[in-house]
Amino acid sequence: MIYDCAIIGGGPAGLNAALVLGRARRSIVLFDHNRPRNAVTYASHGFITRDGVTIPEFRRIAHEELGRYPSIRLMHVEVTTVAKVDGVFHVHDTLGQCIQAKKLILATGVKEIFPEIEGFTPLYGKSLFNCVYCDGWELRDQPLVVVSEHAAGFHTAKLLYQWSNDLVVCTNGHSTLTHEQKMQLQSKRVKVMEQPIAAFIGHNGMLQQVRFTDGTELARSGGFVTPKFGQSAPFAEQLGCELTAACGIKTDDSGRTTRAGVYAAGDAASFSPSQVVFAAADGSRIAMHINRELTEEEFEQGETS
C-alpha cells in the first residue's frame, strides 16, 4: 500500500496534520516514538480549551480523536531513514518495516541545547523554563533569573519584566550585552551579572540559588534559560532539504521544503515562538495544502489517462 502521506513526529504539528488529512479521507501513517520534547513540562499553556493540560493528557485526547478516523494509522515506532525512490517516499523504522507514501511531513521538532550548568536538569520544567509565554504566569512576581549566553537573553529579560520586575540577567561568562542594552536594563533596575555560573541549587525541582564560580550566590525562586536549537532528527539532511541560518527546515508559505513532496511543520521549520497552539495551527495549514496538491495531481492524472 502507498499512503497519501506519511508524517514523522507525533507532536502537536504532526497530530493536527493527521487529523485534518484524515478528515479529508486521506490515507495517513503517523510515526510517533513516544518521546515528546515537552515531556519534562508539567503542563502546556496558552491553548484555549486546553490551558494547563498535562502532556500525557494532551496526547491521550489527541490519539483518541485520531482513532475515530479509519484512514489514519498511528505507529509507535522510531523512524531510522527516509529516501525518495521513483517519486515515492520510503520510510524505514526500527522494526525493519518500510512504509511508502506520496507525500511526507517532517514534524520532528527541534532539540534544545542548554548551557552545561550543574543542577540544571532536575529543575528544568519545574522552576526553570525557556518560554516566557508558556510559563511566565506561573512565576509572576517572583525573584527570577534569566540565563543566556547569546543575544536572545536581552529580549527574554524585557519580555519577562511584564511578569516580574525582580530580575537578574546572567550571561554565564559571555559578553553578550552591549553598553546600550545594559543601560536599558539598569533603567528598569534589572541587575546584570556576567561571571560564569558554577551551579543551580534547588530542592524538589524548585530553584533556590544560583552559585557563581567566584563564590557569589544569588537567591532566586525560578527563571528562564535560553537555549540554542538544532534539528532533532536527520531526515531533512537525508532528503537534501535546505536549512535556514537558524537551523530550521527552509519552507515556503505552504510549508513546502526545497525537496519536492516534502513538507515541514511546527518547530522543525520555525521554532520561535515555540508553543503548542502555533505548532498545531501549522500542522493544520500544511495538511490543507497537501490535500489540495494531491487533489490537483489526481485530476491531472485523470485528464491524461
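Fair warning: this is a prediction, and the values are worked out from it, not measured in the lab.
Side chains of I61 and R50 form a contact here, defined as non-hydrogen atoms less than 4.5 Å apart. Using a 4.5 Å cut-off on side-chain heavy atoms (C-beta onward), E293 and H289 make no contact. Between K103 and R26 there is no side-chain heavy-atom pair separated by less than 4.5 Å. Annotation: side chain of V20 is not in contact with side chain of N291 (no heavy-atom distance under 4.5 Å). Annotation: side chain of M75 is in contact with side chain of Q97 (closest heavy-atom distance under 4.5 Å). Residues H63 and D32 meet the side-chain proximity criterion, which asks for heavy atoms closer than 4.5 Å. Between F89 and V262 the shortest side-chain heavy-atom distance falls below 4.5 Å. No side-chain heavy atom of D4 sits less than 4.5 Å from a side-chain heavy atom of L21.
With hydrogens and angles disregarded, a donor-acceptor distance shorter than 3.5 Å links the side chain of T80 to the backbone of H92. Without hydrogens or angle criteria, S284 side chain to A281 main chain gives no donor-acceptor distance under 3.5 Å. Formation of a donor-acceptor pair under 3.5 Å by the Q231 side chain with backbone atoms of A268 is found in this model. S127 contributes a side-chain N or O that, together with a main-chain N or O of L207, makes up a donor-acceptor pair within less than 3.5 Å. R73 places no side-chain N or O within donor-acceptor distance of the main-chain N or O of S27, the cut-off being under 3.5 Å. Under the 3.5 Å distance criterion, the side-chain polar atoms of T171 are left unmatched by any main-chain donor or acceptor of S175. D267 places no side-chain N or O within 3.5 Å of a backbone atom of G109 that could act as its donor or acceptor partner. When atom types are taken as modelled, the side chain of T108 and the backbone of S232 share no donor-acceptor pair closer than 3.5 angstrom.
With a 6.0 Å radius and a threshold of 12 heavy atoms from other residues, nucleotides or ligands, K250 has its NZ atom at or below the threshold. In the displayed structure, K228 atom NZ is contacted under 6.0 Å by at most 12 heavy atoms of other residues, nucleotides or ligands. Within a 6.0 Å radius of CG in D252, more than 12 heavy atoms belonging to other residues, nucleotides or ligands are found.
Hydrophobic cluster membership of M206, counting Ile, Leu, Val, Met, Phe, Trp and Tyr whose side-chain heavy atoms lie under 4.5 Å apart directly or via other members: none, as it forms a cluster of its own. Taking Ile, Leu, Val, Met, Phe, Trp and Tyr as hydrophobic and joining them when side-chain heavy atoms fall under 4.5 Å apart, one finds I2 in a cluster with V88.
For E180, the side-chain contact (heavy atoms from CB on, under 4.5 Å) partners are T178, not counting sequence neighbours. Legend: residues meeting side-chain contact (heavy atoms from CB on, under 4.5 Å) with A43, ordered by chain and number and at least two apart, are H45. The side-chain contact (heavy atoms from CB on, under 4.5 Å) test applied to P122 returns no partner, not counting sequence neighbours.
Scanning both residues, A101 and C5, for their nearest heavy atoms gives CB-C, 3.9 Å. In terms of heavy atoms, R220 sits closest to L144 at NH1-O, 2.9 Å.
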Give the C-alpha distance, both sets of side-chain angles, the deciding distance and a yes or no for side-chain hydrogen bond (donor to acceptor under 3.5 Å, both in side chains) between T216 and D214. CA-CA 6 Å; T216 305; D214 63 4; 2.8 Å; yes

Between E118 and R211, is the salt bridge (charged side-chain N to carboxylate O under 4.0 Å, His left out) condition met? List the steps. CA-CA 10 Å; E118 181 183 339; R211 180 177 297 159; over 6 Å; no

Audit row: R259, T257, side-chain hydrogen bond (donor to acceptor under 3.5 Å, both in side chains) steps and yes/no: CA-CA 5 Å; R259 178 75 164 171; T257 70; over 6 Å; no

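Atom CG of L15 and atom CD of E65 lie 9.5 Å apart (nearest 0.5 Å). Atom CG of L139 is separated from atom CG of D166 by 12.0 Å, given to the nearest 0.5 angstrom. The distance from the CZ atom of F129 to the CG atom of L160 is 11.5 Å, given to the nearest 0.5 Å. From L66, atom CG reaches atom CD of E64 across 10.5 Å, with rounding to the nearest 0.5 Å. Considering OH of Y263 and CG of L104, their distance stands at 11.0 Å, rounded to 0.5 Å.
Of the residues listed (I105, L19, L74), the one engaging L30 in a side-chain contact (heavy atoms from CB on, under 4.5 Å) is L74, and it is the only one. The side-chain contact (heavy atoms from CB on, under 4.5 Å) test with H90 is passed by exactly one of I99, T81, V85, V82: V85.
Ring orientation note: the planes of F58 and F47 are tilted relative to one another, at an angle of 30° to 60°.
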Can you list, pair by pair, the side-chain donor-acceptor contacts under 3.5 Å of residues 145-157, counting residues two or more places apart and other chains?
residue : atom : partner : partner atom : Å
S148    : OG   : H150    : N            : 3.3
S148    : OG   : H150    : O            : 2.9
S148    : OG   : G153    : N            : 3.2
S148    : OG   : T226    : OG1          : 2.6
E149    : OE2  : N172    : ND2          : 2.7
H150    : NE2  : T226    : O            : 3.4
H150    : NE2  : P227    : O            : 3.3
T156    : OG1  : A152    : O            : 3.0

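Clustering ILVMFWY residues whenever any of their side-chain heavy atoms sit less than 4.5 angstrom apart, transitively, puts W137 in the very cluster that holds F224.
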